[in-house]
Amino acid sequence: MPSVNINVFSLTLMMRWTIVIFAFNEEGGIGKVIQKVVDFQATADESSVEILIIDDGSTDRTPNIIQEYVKKNPLIRVVSHPRNLGIGKALQSGYREATNDYIVALPADNQFEVELLAQIPAFPASQFYSFYRSNPYSVWFRKLLHMFNRWFNYLLFGIRLRDVNWVKVYRKDQLQRINFEMNSSLIESEICIKLMRMGIQPIEQVSPYLPRESGKSKGGSFQTVSKAMVEMLGLYRVIKQFSANSQAGK
């Protein structure tokens, strides 16, 4: 567990969090993630930490495991998609349903250190936090996709982020200013680009990338990657229109 400055930790506990856990067939990891988030909740006034789980049409034991925790903790809220809609739609559901001031979406594969959230202080509407993985990928295909994504975002949109597809901490009032238009994993690129075009700047924070203990990664699947590739042209059009509208509104 990372060392935590007590002053920062105290400040963090005064924040009102919504912690979104998004899952599709993660029976091997979701229980551990929920427990870590419950432990984080227990360190604060429980009412200041909302736990919101998005079950994106899981067909394994994921829904059963979720319900086991719901029975023990009535503060856990669940949104269930009737079928698998993909990462983009899962994130959209989480961001729209969140009710508290600071919002973070965590994958249910237990590859993010939940304890790192204790190092995030309250921050103004002019900033957001962007975690980046210190050791993103060991597989060459995933490394190539990661590099291409960074190049794509910089070349077309002029944004420099080490890891646009990893965990972010946003403010609710920031997300309320955005009309979500992307339905794939490019939703995070859309959010970050729009925020930065509005003058809201990222604070980048390193995090370890824990090894997956079970199941298969969905982020690098052919279905996820192919959908994102098709939507890249759509993202360019969305951002171009967004910039034009922003200029016209000045």
Side-chain angles (χ1 to χ4, degrees), residues 16-42 46-100 102-117 131 165-170 172 175 178 180-188 190-191 209-228 231:
R16 298 186 71 248
W17 288 87
T18 293
I19 301 180
V20 179
I21 304 171
F22 59 97
F24 171 59
N25 288 352
E26 291 289 357
E27 62 183 10
I30 191 167
K32 295 178 181 179
V33 177
I34 296 174
Q35 187 58 56
K36 287 181 179 180
V37 173
V38 168
D39 292 343
F40 180 85
Q41 183 188 52
E46 287 188 343
S47 63
S48 69
V49 181
E50 174 187 38
I51 302 175
L52 174 60
I53 302 175
I54 310 298
D55 176 18
D56 189 30
S58 296
T59 57
D60 63 356
R61 292 191 62 254
T62 296
N64 305 86
I65 296 170
I66 292 172
Q67 288 306 313
E68 290 173 6
Y69 280 90
V70 170
K71 290 176 183 177
K72 294 183 288 186
N73 188 336
L75 295 178
I76 296 176
R77 191 154 57 96
V78 182
V79 174
S80 298
H81 292 172
R83 60 184 177 85
N84 178 241
L85 301 177
I87 294 173
K89 286 291 189 180
L91 288 171
Q92 285 188 29
S93 292
Y95 291 147
R96 287 193 176 110
E97 291 287 334
T99 62
N100 283 345
Y102 293 90
I103 303 169
V104 59
L106 306 179
D109 53 17
N110 197 33
Q111 293 188 272
F112 177 77
E113 284 281 13
V114 176
E115 294 90 344
L116 288 174
L117 297 180
F131 284 96
N165 288 323
W166 196 224
V167 175
K168 310 285 189 304
V169 183
Y170 303 113
K172 183 174 177 63
L175 295 179
I178 294 176
F180 303 131
E181 298 178 70
M182 307 309 298
N183 295 319
S184 72
S185 58
L186 289 180
I187 182 69
E188 288 294 348
E190 178 192 357
I191 292 171
Y209 189 40
L210 304 180
R212 173 180 276 273
E213 297 178 6
S214 63
K216 295 181 179 180
S217 171
K218 285 70 170 187
S221 69
F222 176 78
Q223 181 180 9
T224 300
V225 172
S226 59
K227 188 174 183 179
E231 282 204 346

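Nothing here was measured: the structure is a model prediction, and the numbers come from that model. One-based numbering along the sequence shown.
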How many angstroms lie between atom [atom1] of [X] and atom [atom2] of [Y], to the nearest 0.5 angstrom?
{"X": "Asn64", "Y": "Glu27", "atom1": "CG", "atom2": "CD", "value": "9.0 Å"}
{"X": "Lys172", "Y": "Thr18", "atom1": "NZ", "atom2": "OG1", "value": "7.5 Å"}
{"X": "Phe180", "Y": "Ile191", "atom1": "CZ", "atom2": "CD1", "value": "4.5 Å"}
{"X": "Leu75", "Y": "Gln41", "atom1": "CG", "atom2": "CD", "value": "5.5 Å"}
{"X": "Lys168", "Y": "Leu106", "atom1": "NZ", "atom2": "CG", "value": "12.0 Å"}
{"X": "Leu175", "Y": "Ile103", "atom1": "CG", "atom2": "CD1", "value": "5.0 Å"}

Is there a donor-acceptor pair closer than 3.5 Å between any side-chain N or O of [X] and the backbone N or O of [Y]?
{"X": "Gln111", "Y": "Pro211", "value": "no"}
{"X": "Asp56", "Y": "Gly86", "value": "yes"}
{"X": "Ser48", "Y": "Arg16", "value": "no"}
{"X": "Asn183", "Y": "Lys89", "value": "no"}
{"X": "Asn25", "Y": "Asp60", "value": "yes"}
{"X": "Gln92", "Y": "Met182", "value": "yes"}

For a quick test of reading the model, state the closest non-hydrogen atom pair linking [X] to [Y] and the distance between them.
{"X": "Phe22", "Y": "Ala90", "value": "CB-CB, 4.2 Å"}
{"X": "Ala108", "Y": "Ala23", "value": "CB-CB, 3.5 Å"}
{"X": "Pro63", "Y": "Asp55", "value": "CG-OD2, 3.4 Å"}

Any side-chain donor near an acceptor of the partner, Gln35 and Asp39, under 3.5 Å: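 Gln35 vs Asp39: donor-acceptor pair found between side chains.
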Criterion side-chain contact (heavy atoms from CB on, under 4.5 Å) on Leu117 and Trp17, from CA distance to verdict: CA-CA 10 Å; Leu117 297 180; Trp17 288 87; 4.2 Å; yes
Check whether any side-chain heavy atom of [X] sits under 4.5 Å from a side-chain heavy atom of [Y], and report yes or no.
{"X": "Glu97", "Y": "Glu50", "value": "no"}
{"X": "Pro107", "Y": "Val33", "value": "no"}
{"X": "Asn110", "Y": "Lys36", "value": "yes"}
{"X": "Val38", "Y": "Lys72", "value": "no"}

Residue pairs involving residues 71-98 (criterion ring-ring contact (aromatic ring centres under 6.0 Å, His included); sequence neighbours excluded):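 Passing the test, one end in residues 71-98: Tyr95-Tyr170.
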side-chain contact (heavy atoms from CB on, under 4.5 Å) between Phe131 and Val169, intermediate numbers included: CA-CA 8 Å; Phe131 284 96; Val169 183; 4.1 Å; yes
Whether Trp166 and Phe112 hold their rings parallel, tilted or perpendicular, with breakpoints at 30° and 60°: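 If you compare the ring of Trp166 with that of Phe112, the planes turn out perpendicular.
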Ion pair Lys32/Glu26, N-O distance below 4.0 Å: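 Glu26 and Lys32: not salt-bridged.
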